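Per chain, numbering begins at 1; letters A, B, ... match sequence-line order. Everything numeric in this text was worked out from a predicted model, so none of it was measured.
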2 protein chains.
Amino acid sequence: MAKSNRLADEGFARFKTYLREQRLKSTAQRDAIVEIFLKGAGHVSVEELYGAVRKQNPRIGYATVYRTMKLLTECGLADERHFRNGEARYEIAEKDHHDHLICERCGKIVEFEEDRIEALQEETARRLGFELRGHKMELYGVCLDCRRRGREN
Amino acid sequence: MAKSNRLADEGFARFKTYLREQRLKSTAQRDAIVEIFLKGAGHVSVEELYGAVRKQNPRIGYATVYRTMKLLTECGLADERHFRNGEARYEIAEKDHHDHLICERCGKIVEFEEDRIEALQEETARRLGFELRGHKMELYGVCLDCRRRGREN
DNA sequence: GCGATATTGAAACTCATTTTCACTTAGTTC
DNA sequence: GAACTAAGTGAAAATGAGTTTCAATATCGC
């Protein structure tokens, strides 16, 4: 088991380095949470992560998962997102920026980047006197699969 | 007092009609909340609204403000938004769609529309197999005033 | 191994929002 | 306009995501 995955291993190493630098401690719980997060599919909620982590070690508490995800976010390995319902979802931080397209029926989340939009955002902010620092853009719609599947919802 | 304002009056009438249609009751509390909301500057939080409403009628409860804002949202007179911190802010629903540019220093909220961005969003969704239904776009930056005022923050 | 310091889990606590419930009202009905 | 009934109200309790507290435990540096 514990199938190896280059990205996950790299991330794990980065996390360990971060802990050392900050004089924080390495613990079995942190290792378990970080490992599962890094091997996962992305856009996980704390609840989902908690569930997965518990399967491996049922004594880990909710608070520890929250605390660890905060750490991961601080050290730049995870990005915290808040979609429509507000509960946090984490994704593995990638070097390149992207936005999200979300299916309103099945909840599928697709990532995309569109430089032309970014350029226009920059231009718009400048035009209104702002120095752009960041943005949040989410597109909501219905995916192909759901449209094929008919209108249940 | 009760300075008149065409838009607010129209909205108020629409609200009254909605209540009648839905066989809901007109009450002094609802009237007060809706009137204050419609005459206000937009992007109010429930807390701010509650404060303003209380000045006029101190016996109105928090729950009633929430309930009334929900009603206003349902009948299309108010739009509910969630910016970075997550607490809801309401704005008077305008006919034309717009997005927001928010100053990270002073919290100022500027509305804008940019059809070229909308067009690219539509195109992007289609390219990825989605039928676009809506979107959320917020730009964050620092406004001119805050940049002039130097870097306190 | 020792000891200082960080971490943990469980439970208590926030904070925004919603729900409950006994009581009051608005909009009919006669 | 009195009576009726469904809807609305305020206060307080409940919710749900997330955070903090605290006593017990584990880690790291020597």
**Message:** Measure CZ/B:Arg23 against P/C:dT28 and give the value in whole Å, please.
**Reply:** 9 Å
**Expected output: side-chain B:Arg89 to main-chain B:Asp79 donor-acceptor under 3.5 Å** = no
**Complete:** Comparing B:Lys25 with B:Tyr62, nearest DNA chain C nucleotide closer to 5' gives the residue B:Tyr62
**Prompt:** With distance as the sole criterion, is a donor-acceptor pair present between the side chains of B:His43 and B:Glu48 under 3.5 Å?
**Reply:** no
**Message:** With heavy atoms of chain A within less than 4.0 Å as the criterion, where does contact along DNA chain D begin and end?
**Reply:** D:dA17 to D:dC28
**Item:** side-chain N/O B:Tyr66 vs C:dT18 OP1/OP2, d < 4.0 Å
**Value:** no
**Prompt:** Within the distance-only criterion (no hydrogens, no angle test), does the side chain of A:Glu94 pair as donor or acceptor with the backbone N or O of A:Asp96 below 3.5 angstrom?
**Reply:** no
**Asked** Whole Å only: how far is the OH atom of B:Tyr90 from the C1' atom of C:dA16?
**Response** 11 Å
**Asked** What nucleic acid atoms does B:Ala88 come within less than 4.0 Å of, heavy atoms only: base, sugar-phosphate, or nothing?
**Response** sugar-phosphate
**Message:** Taking the basic N atoms (NZ, or NE/NH1/NH2) and the acidic carboxylate oxygens, is any pair closer than 4.0 Å for B:Lys136 and B:Glu138?
**Reply:** yes
**Request:** Give a yes or no on whether a donor-acceptor pair under 3.5 Å exists between the nucleobase atoms of C:dT20, that is its base, and the side chain of B:Arg67.
**Result:** yes
**Asked** Between B:Leu24 and B:Glu47, which is nearer to the 5' end of DNA chain C once each is assigned its nearest nucleotide?
**Response** B:Glu47
**Asked** Separation of A:Leu71 atom CG from C:dT8 atom P, in whole Å?
**Response** 9 Å
**Check: B:Ile60 main-chain N/O paired with B:Thr64 side-chain donor or acceptor under 3.5 Å** = no
**Message:** For residues B:Leu77 and B:Leu19: do they belong to one hydrophobic cluster (side chain heavy atoms under 4.5 Å, members Ile, Leu, Val, Met, Phe, Trp, Tyr)?
**Reply:** yes
